[in-house]
Amino acid sequence: MTVVSALVALVAATTPASESIFDGKTLDGWQVKGDGKWTVENGAIVGRLNADQGYGMLVYPVVVKDFTLRLKFKVDDGNSGLYFRAERTDAGHVFNGFQAEVDKTMATGGIYESGGRGWVSQVKPEESAYKPGEWADMTIKARGDYYAIFVNGSLVTSIIDPDSRKSGEIGLQLHGGQKMHVSFKEMTLKKYN
């Protein structure tokens, strides 16, 4: 074995594997909180909410530190978000912490801090790779203070934020007070902690 092949084998052995956090058939491993309805349809998690309802969440109840999360999403109605490194409030269905914006606008892929500073990083429309009404790929990377979000393979957010939380849960959001219809699928998580 050469030195190069030995190094490649070492890196492969120490690099964590991605795991599927949604089996495409059930909501096993997830917790439904708040209003709205979460179902599995055609291999996707689908969230729906009426305009007269409050917030709804679908929580992956595992505390994660450094990670890479990959998924596909589609927004038919409303303003959703994907929470990460977040913590639940006393209400149980409301999160404080970062969320990657998931909606029908070019703001998709920005970072909003619920229960905190509000917008931390917004996507400029000219830098957006999002196509409303279509399935989109999203990758979220968090390493210490560094965050990167890719939409359809393009880097749309890249920040260093020492004031952010360093661990927390993942959650899918149904924004209260509006009609919601959003779908998520092919979700994989690679944990580095």
(request) Kindly indicate, with the supporting measurements, whether the criterion side chain to side chain contact (heavy atoms under 4.5 Å, CB included) is fulfilled by Lys104 and Asp77. (result) CA-CA 8 Å; Lys104 295 198 299 185; Asp77 282 306; 4.0 Å; yes
(message) Testing the basics here: between Pro61 and Trp30, what is the closest heavy-atom pair and its distance to 0.1 Å?
(response) CD-CA, 4.4 Å
(request) Look at the rings of Tyr55 and His175 and say which category their plane angle falls in: under 30° parallel, 30 to 60° tilted, over 60° perpendicular. (result) tilted
(message) Could you measure the distance from the CG atom of Leu49 to the CD atom of Gln173? Nearest 0.5 Å is fine.
(response) 9.5 Å
(request) Identify the two heavy atoms, one from Gly97 and one from Arg165, that lie closest to each other, and give their separation to 0.1 Å. (result) CA-NH1, 3.4 Å
Can you list, pair by pair, the side-chain donor-acceptor contacts under 3.5 Å of residues 153-160, counting residues two or more places apart and other chains?
unit_1, atom_1, unit_2, atom_2, d
Thr157, OG1, Gly109, O, 2.7
Ser158, OG, Tyr146, OH, 3.0

(request) For Asp163, look at atom CG and say whether over 12 heavy atoms of other residues, nucleotides or ligands are found less than 6.0 Å away. (result) yes
(request) Rounded to the nearest 0.5 Å, what's the gap from CE on Met57 to CG on Leu172? Could you check? (result) 7.0 Å
(request) Calculate, to the nearest 0.5 Å, the distance between atoms CE and CD belonging to Met138 and Glu101 respectively. (result) 8.5 Å
(request) Nearest 0.5 Å please: distance from the CD1 atom of Ile140 over to the CD1 atom of Ile170. (result) 8.0 Å
(message) Can you give me the closest heavy-atom contact between Ser18 and Lys190, atom names plus distance?
(response) OG-CE, 3.3 Å
(request) Decide side chain to side chain contact (heavy atoms under 4.5 Å, CB included) for Ile45 and Met187; before the verdict, give the C-alpha distance in whole Å, the side-chain angles of both, and the deciding distance to 0.1 Å. (result) CA-CA 10 Å; Ile45 294 172; Met187 302 178 69; 4.2 Å; yes
(request) For the residue pair Phe98 and Tyr147, categorise the inter-ring angle as parallel (less than 30°), tilted (30 to 60°) or perpendicular (more than 60°). (result) perpendicular
(message) A side-chain contact here means heavy atoms from C-beta on lying under 4.5 Å apart; do Asp161 and Arg117 qualify?
(response) yes
(request) Measure the spacing between NZ of Lys179 and CG of Asn79 and express it to the nearest 0.5 Å. (result) 15.5 Å
(message) Can you classify the ring geometry of Phe184 versus Phe73 as parallel (below 30°), tilted (30 to 60°) or perpendicular (above 60°)?
(response) tilted
(message) Looking only at the side chains, is there a donor atom on one of Ser114 and Tyr83 sitting less than 3.5 Å from an acceptor on the other?
(response) yes
(message) Surrounding NZ of Lys131 (heavy atoms of other residues, nucleotides or ligands, distance under 6.0 Å), is the total greater than 12?
(response) no
(message) Listing request: all side-chain hydrogen bond (donor to acceptor under 3.5 Å, both in side chains) pairs with a residue in residues 59-75, at least two apart in sequence or in separate chains.
(response) Asp66-Arg85, Thr68-Arg143, Lys72-Asp137, Lys74-Asp76
(message) If I take atom CD from residue Glu113 and atom OG from residue Ser121, how far apart are they, to the nearest 0.5 angstrom?
(response) 12.5 Å
